[in-house]
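What follows is a set of notes on a single structure, which appears directly below.
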Amino acid sequence: MRTTNKTEGWASSVFRVLFPKLCAGCGKPSLKGISCFCVQCQNQLIPANMAFSHENEFTDRFWGRVPIESGAALYFFQRRSPLQRALHRLKYHRQGDIGLQLGRMLGGHLKLSPLFLSVAAAIPVPLHPKKQQLRGYNQSALIARGLAEAMDIPVLDGVLVRQVFSESQTRKRRMERFDNVEEVFTLMQPEQIEGKHVLLVDDVLTTGATLEACAKALLKTPSVRLSMATLAITSAQMH
């Protein structure tokens, strides 16, 4: 058995040398623990540090709109940053593993906070089936899978369904974003989340229009408690 372990360890080391993990931000080899970024790219990211505070820039964005238990983003979003490049590879270049890795980073961070200890399941913001077929996967679902793995909770991928195909939010103004997602999400199988604390997961929080629309659908369930988490949050000036 000892020989087998040594052989497996040697084989694993050779594999890492021949096929090193690549940085999601710059594409260079990266062997840095749980992070999917190399040291140089990691140092360019701005941590949001929101997971341990009941009130923060994330929760403030939903104040008076929908009641949420807690909310947190992992980083502040910056244009032309390693995180933006990683998200671009994830969404448009079919590099789905980046979503899993980023999700594990987010989940590992949230797991340290008492505010998220009672979360029973993760729910990704859904894509319309047509858009998901074009993209190959739902990037938010991959992020949720990585997060759930780190937090040791299930992913409920069918509770929320996007039944209306709407245009991309990327280039829309604030009010256009809200009009674009109004009543496009439908709640399915509410018994799966009744009385539970669930975590709604997406990639980036901008105006919060999509997350708010999802939240309104989920909060129709009796006694459900809702928190939200994203990889990044934009500044108010970017809306």
Side-chain angles (χ1 to χ4, degrees), residues 4-51 72-113 122 124-127 131-155 157 168-171 199 201-206 229-235 238:
T4 302
N5 289 339
K6 286 183 178 179
T7 302
E8 290 176 349
W10 175 83
S12 178
S13 298
V14 170
F15 183 84
R16 286 196 297 270
V17 171
L18 294 177
F19 304 99
K21 187 172 74 172
L22 300 181
C23 172
C26 65
K28 296 178 181 178
S30 172
L31 302 174
K32 185 179 176 0
I34 190 174
S35 176
C36 62
F37 296 102
C38 65
V39 174
Q40 289 81 1
C41 285
Q42 186 75 48
N43 288 339
Q44 295 178 49
L45 303 177
I46 303 177
N49 297 322
M50 298 176 178
L74 191 59
Y75 296 109
F76 284 105
F77 184 85
Q78 299 168 283
R79 291 191 175 97
R80 295 180 292 279
S81 68
L83 181 59
Q84 185 184 36
R85 292 194 293 271
L87 291 174
H88 189 82
R89 289 187 173 105
L90 168 62
K91 293 176 72 171
Y92 305 113
H93 294 279
R94 301 205 174 209
Q95 297 186 30
D97 190 58
I98 289 176
L100 294 172
Q101 293 179 64
L102 290 170
R104 291 181 192 116
M105 291 172 62
L106 177 58
H109 182 66
L110 297 182
K111 191 175 183 179
L112 300 175
S113 169
V125 169
L127 277 181
K131 184 172 288 187
Q132 184 164 329
Q133 185 177 15
L134 290 172
R135 188 167 291 175
Y137 49 73
N138 176 7
Q139 73 277 1
S140 295
L142 292 178
I143 295 166
R145 277 176 50 193
L147 175 147
E149 179 185 311
M151 298 182 71
D152 195 24
I153 57 175
V155 177
D157 208 353
S168 172
Q169 299 279 71
T170 306
R171 299 185 183 277
L199 183 65
V201 180
D202 204 4
D203 51 2
V204 181
L205 169 60
T206 50
T230 61
L231 294 172
I233 181 173
T234 63
S235 65
M238 294 179 68

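Bear in mind that the values here come from a model prediction, so they are computed numbers and not experimental data. Because only heavy atoms are used, hydrogens play no part in the values below, and waters and symmetry mates are left out as well, while side chains stay in.
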Seminar exercise, completed: Sequence neighbours excluded, the answer for side-chain contact (heavy atoms from CB on, under 4.5 Å) partners of Ala141 is Pro124, Asn138, Asp157
Roughly how far, to the nearest 0.5 Å, is the [atom2] atom of [Y] from the [atom1] atom of [X]?
| X | Y | atom1 | atom2 | result |
| --- | --- | --- | --- | --- |
| Ser140 | Lys91 | OG | NZ | 8.0 Å |
| Phe37 | Lys28 | CZ | NZ | 14.5 Å |
| Thr230 | Leu106 | OG1 | CG | 7.5 Å |
| Cys23 | Gln40 | SG | CD | 8.5 Å |
| Leu199 | Met151 | CG | CE | 6.0 Å |

Exercise. Got a sec: does the CG of Asp152 have more than 12 other heavy atoms crowding it under 6.0 Å?
Worked result: no
Problem set entry | Residue pair Leu87 / Leu102, side-chain heavy-atom distance below 4.5 Å | yes
Exercise. Can you find a heavy atom in the side chain of Leu147 that is under 4.5 Å from one in the side chain of Ile153?
Worked result: yes
Least distance between heavy atoms, [X] atom then [Y] atom:
| X | Y | answer |
| --- | --- | --- |
| Ala51 | Leu110 | CB-CD2, 3.9 Å |
| Tyr137 | Arg94 | OH-CA, 3.1 Å |
| Ala73 | Ala48 | O-CB, 3.2 Å |
| Leu231 | Gly103 | CD2-N, 4.5 Å |
| Val201 | Ala122 | CG2-CB, 4.3 Å |
| Gly99 | Leu90 | N-CD1, 3.5 Å |

Please confirm whether the backbone N or O of [Y] pairs with a side-chain atom of [X], one donor and one acceptor, at under 3.5 Å?
| X | Y | answer |
| --- | --- | --- |
| Arg145 | Val155 | no |
| Arg104 | Ala150 | no |
| Gln84 | Arg80 | yes |

Exercise. In a check of side-chain contact (heavy atoms from CB on, under 4.5 Å) between Gln42 and each of Cys36, Pro47, Ser35, Pro82, which one passes?
Worked result: Ser35
Exercise. Parallel, tilted or perpendicular for His93 and His88, by the 30°/60° rule?
Worked result: tilted
For this session: Under the salt bridge (Lys or Arg N to Asp or Glu O under 4.0 Å) rule, collect the residues that match up with Asp202, sequence neighbours excluded.
Result: none
Problem set entry | Trace of the side-chain contact (heavy atoms from CB on, under 4.5 Å) decision for Phe77 with Ile233 | CA-CA 5 Å; Phe77 184 85; Ile233 181 173; over 6 Å; no
Exercise. Under the side-chain hydrogen bond (donor to acceptor under 3.5 Å, both in side chains) test, which residues partner Arg135, sequence neighbours left out?
Worked result: Gln139
